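Below, chain A is the first sequence line, B the second, and so on; all start at residue 1. Everything quoted here is computed from the prediction, not taken from an experiment. Side chains are part of it too, since the values below use all heavy atoms of this structure and drop only hydrogens, waters and symmetry mates.
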Amino acid sequence: MDNITSNFEHIPAEKFKFVQDENIHDIELQTKARSFFADAMIRFSKNKSSVIATWILGLMLLFVIISPIISPYSIKDTDKLYVNFPPFVEWAAERGIKSLSGAKTFDSQNETAMNFWKGIAIETGMDPVIETLASYETEVKYRGKMVKRYTYDIKVNAYYTVGVVYRVFSYEEFQKIQDWQDETGIQVIYPWVDADDISGITDNSNIWYKVDAQGAAKLDKEGNFQEAYSRRVENAGAPYNSIRIPGDDGSYAYSTAKSGAVQVRMCYYNYYTYLFGHKPSYIFGTNSMGMDLFGAIGIGARFSLIFAVVVSLINLSIGAVYGSIQGYYGGAVDMLLDRICDVLSGVPFIVTTTLFQYHLARKVGVVPSFLFAYVLTGWIGMAGLTRKQFYRFKSQEFVMAARTLGASDARLMFKHIFPNGIGTIITSCALVIPGVIRGETTLTYLGIVDLSSFAGTSIGTLLSQGNAAVTTAPHAMLWPSVFIGLLMICFNLFGNGLRDAFNPSTRGVED
Amino acid sequence: MIKYIIKRLLYLMLVFFIITLMCFVLIRMLPLPVLPPEDTHTKIVEMRREAMGYNEPMLVQFGLFLKNIFTKFDWGLSEKRYFGQEVWAIFKQKLPATMIVNLYSIIFSIPLGIALGIFAALKKNTWIDYIISTLTMVVISVPSFVYALLIQYFLAYKLKWFPFLMKSGTDWFSPAMTWSMIPPVLALSFGVIASFTRTTRAELTEVLTSEFMLLARTKGLTKAQATVRHALKNCGVVIIPSILGEFIGIIGGSLIIEKIFAIPGVGNLTLDAINAPDYNIFMLSTCFYTAIGLLAGLVNDISYGFIDPRIRMGSRK
């Protein structure tokens, strides 16, 4: 007997014979087999709006990656003077591109102010006034006489309006600037002006001409400024051997002594060039912290995106396992786990975040505690989804077949049932990411979570900084808003496209 | 049905109780804010702390907390932001602003949203539908604070139609106050309009293609009659619960809109409490938002049973 059974496996092939005749009439399939994913991708690429959204999304990702690299500023370069300044690139401004000219509108500038701007233009050679928008003539009573007064609405280059500022340098730094001046021929240090010569004004570094106590210029007969540079070389903080301004016969003092250091008047624009090696150029302008918005948006968004992806991956894993257990075992287990979900999902998200910040922010850092807050309740949606998929598939025949063959519970869950629902689960992940970004932006906007120490900044922080100065610097709010708005739209379109592609039966049904 | 509702209510209370307990313990575990030594209220606050059992075990504290609420509706004193004032009294003052702004927004946006949805569904696959659907998608995607900021900048600052922030004071129904409420109401409305448009459109397009609509037309009803009498009624199954949910949500309001437009409401109070930090106010806000969320879910579930005769609530299968 034994002999016969073992021989079954060793029957030679030629002893077998087809029951039917030996020709197979079926034609082999000519078309290529198409996998589920390939099929979904074809469906996806037919959805025009999603494809466009994907492209824009790709461009935005590219922006996020390269903007911090190509921006000449790091997130820590916060300028104290160029605050809330509009977009400015000198190259573009010279060619008359208005949106990049750093233009700000100043209303009702009187003669004193107009002379002040003119003073800056003459001294530094950079005229702040781009154009005069309107001029008004009013008659006021002045010392018993009717006098005509003019006021102007002007457009100024905000970067040029800073003009000359006071700064205290060490001797080495002072010498270094002089060397740099000699090398490049750019004037950074301007002659010192003693307060005594300009009617005791000490808080306005841009006045280099004779003025009265109100700061109004005293003009000579031809209507020109009368310079008031200091010639008290004996007061200078350190010797000055570098280039001198035009009209200097060598008698001007270029600094003043200040307790072991040198105080100077320096042109901030040129000093900036000295400091950074390039002229100020802010494509998106600066915000209320003096950050370059172009780089800051990239850095903020980079954090948001990475954070969102990490959160969705963690939530996806937890939700998948939890939902699988719920859906597979059902009954009492399902009931119990569902109650836990009910309690957790009942806690408002703002409360969760706040409590985590209160308790953990100081111990494990802001970002991990923020992450925990998201993970605590974020997986519930995913678990529900997985559970539904499990209920759909677990009573089907292939599961029973696998079980009959002796597959373990874990194998049944993750090898047989779970892959069937993976399309739905992946697509919902694509819709979770924008949700996380939106939540993160909202919370940082509200100031409940402050990521600046970890990530430098975030879109929400940028928005709230922009909102604080919305009337004077709308651009600081505009760019982050545009970015986040566009990002959300594209992500949602992309997610909807994926969902329609993976589940053709739910096409067009929202949510 | 009634049995089911009672069961759900009891369950809701249990969930609410558990959440409150969790949050209570977590909040009480935090270090207490240091009281200003000179202030006259310091003595009172310290005595209140003693009375609320700050030195007792956690469960005793919770018992006292519940007892105070059930017997006197006493939520404790503010210890930072509104130093020494009753938390509930402050909270009560803040409610009207939130409720009025949200109520205006709902009154304005729900009819508009439904109307747009119906319009889009009836004109399905025409350019009108495409425009409405695209706008809906855009508005739903973009976070509400983005268009709140845009509204504030363009309507309030550039065009100067409205005041920049909401008017302060308590004259809720004066013309100046109502006028200053328009920007936040608009900002709140966009999202609501869009979500109602989307729901209505999705629901109505599905109903319009169903067979009883064909029957209605064949028996001689005009398209308008068939739509109003048969299609819209069926849409109500989905729309009415969400309207009810919206109405419960009005007292919750929106933190971010309240911050942008400086609405003296519950959301702003919560934010202040979080940043101060003022734990007693925060505890009240927690309970408040939890209750609203749970109630909205419950009303949503139950109203399905009332509206749709096909659903038998609480029956087994």
Side-chain angles (χ1 to χ4, degrees), chain A residues 49 53 339-359 362 434-435 437-439 441-443 445-450 459-460 463-464 466-467 470-472 474 477-478 480-493 495-496 508-511, chain B residues 11-12 14-16 18-19 22-23 26-27 29-31 133-134 136-138 140-150 152-154 156-158 164 195 198-199 201-202 205-206 252 255-256 259-260 267 270-271 273-275 277 279 282-283 285-294 297:
Chain A
S49 60
R339 293 299 92 104
I340 296 176
C341 283
D342 276 352
V343 171
L344 284 181
S345 62
V347 188
F349 185 61
I350 185 151
V351 173
T352 324
T353 326
T354 313
L355 283 176
F356 268 99
Q357 290 296 318
Y358 280 163
H359 276 283
R362 237 168 278 137
I437 297 179
R438 178 196 283 243
T441 312
T442 308
L443 288 167
Y445 177 85
L446 290 173
I448 294 174
V449 181
D450 183 15
I459 301 280
L463 273 170
S464 80
N467 189 26
V470 65
T471 52
T472 51
M477 186 208 77
L478 177 75
S481 311
V482 167
F483 186 87
I484 193 80
L486 202 59
L487 191 72
M488 289 295 113
I489 293 172
C490 291
F491 252 121
N492 280 342
L493 276 178
N496 286 340
V509 180
E510 306 287 348
D511 276 344
Chain B
Y11 177 60
L12 181 140
L14 180 70
V15 171
F16 181 67
I18 294 171
I19 294 175
M22 273 176 7
C23 294
L26 284 171
I27 291 174
M29 271 161 64
L30 293 163
S133 300
T134 314
T136 308
M137 198 279 305
V138 168
I140 284 182
S141 303
V142 176
S144 64
F145 51 86
V146 170
Y147 38 78
L149 293 173
L150 293 179
Q152 198 179 36
Y153 181 68
F154 285 108
Y157 176 68
K158 275 278 165 184
F164 200 69
S195 74
R198 188 166 78 166
T199 325
R201 183 188 170 274
T205 43
E206 207 179 307
L255 290 171
I256 208 151
K259 188 182 174 194
I260 291 174
T270 309
L271 280 178
I274 289 171
N275 291 328
Y279 299 131
F282 182 59
M283 188 64 222
S285 297
T286 304
C287 294
F288 177 69
Y289 283 121
T290 311
I292 289 173
L294 292 175

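In terms of heavy-atom pairs under 4.5 Å with chain B, the best-connected choice from A:Ile489, A:Thr352, A:Leu487, A:Ile448 is A:Ile489. Among A:Ile350, A:Val482, A:Leu478, the residue making the largest number of heavy-atom pairs under 4.5 Å with chain B is A:Ile350.
Here the CZ-OG1 distance, from B:Phe282 to A:Thr354, works out to 4.0 Å after rounding to the nearest 0.5 Å. Atom CD1 in B:Ile260 sits 4.0 Å away from atom OH in A:Tyr445 (nearest 0.5 Å). Expressed to the nearest 0.5 Å, how far OH of A:Tyr358 lies from CG of B:Leu26 amounts to 12.5 Å. A distance of 10.0 Å separates OG of A:Ser464 from CG of B:Leu149, quoted to the nearest 0.5 Å. Rounding to the nearest 0.5 angstrom, the gap separating the CG atom in A:Leu486 from the OG atom in B:Ser141 is 10.5 Å. Taking CD1 of B:Ile19 as the start and CG of A:Leu344 as the end, the distance is 8.0 Å to the nearest 0.5 Å.
For a residue to count as touching a neighbouring chain, one of its non-hydrogen atoms must lie under 4.5 Å from one of that chain's; by this rule B:Leu271 touches chain A with the side chain only. Contacts of B:Tyr279 with chain A are made by side-chain atoms alone, with heavy-atom separations under 4.5 Å and no backbone atom involved. For B:Ile140, the part lying near chain A is the backbone, with the side chain staying farther off; criterion is any non-hydrogen pair under 4.5 Å.
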Could you check A:Leu446 against B:Ile274 for side-chain contact (heavy atoms from CB on, under 4.5 Å), going step by step and ending with a plain yes or no? CA-CA 10 Å; A:Leu446 290 173; B:Ile274 289 171; over 6 Å; no
Audit row: A:Asn467, B:Gln152, side-chain contact (heavy atoms from CB on, under 4.5 Å) steps and yes/no: CA-CA 10 Å; A:Asn467 189 26; B:Gln152 198 179 36; 3.5 Å; yes
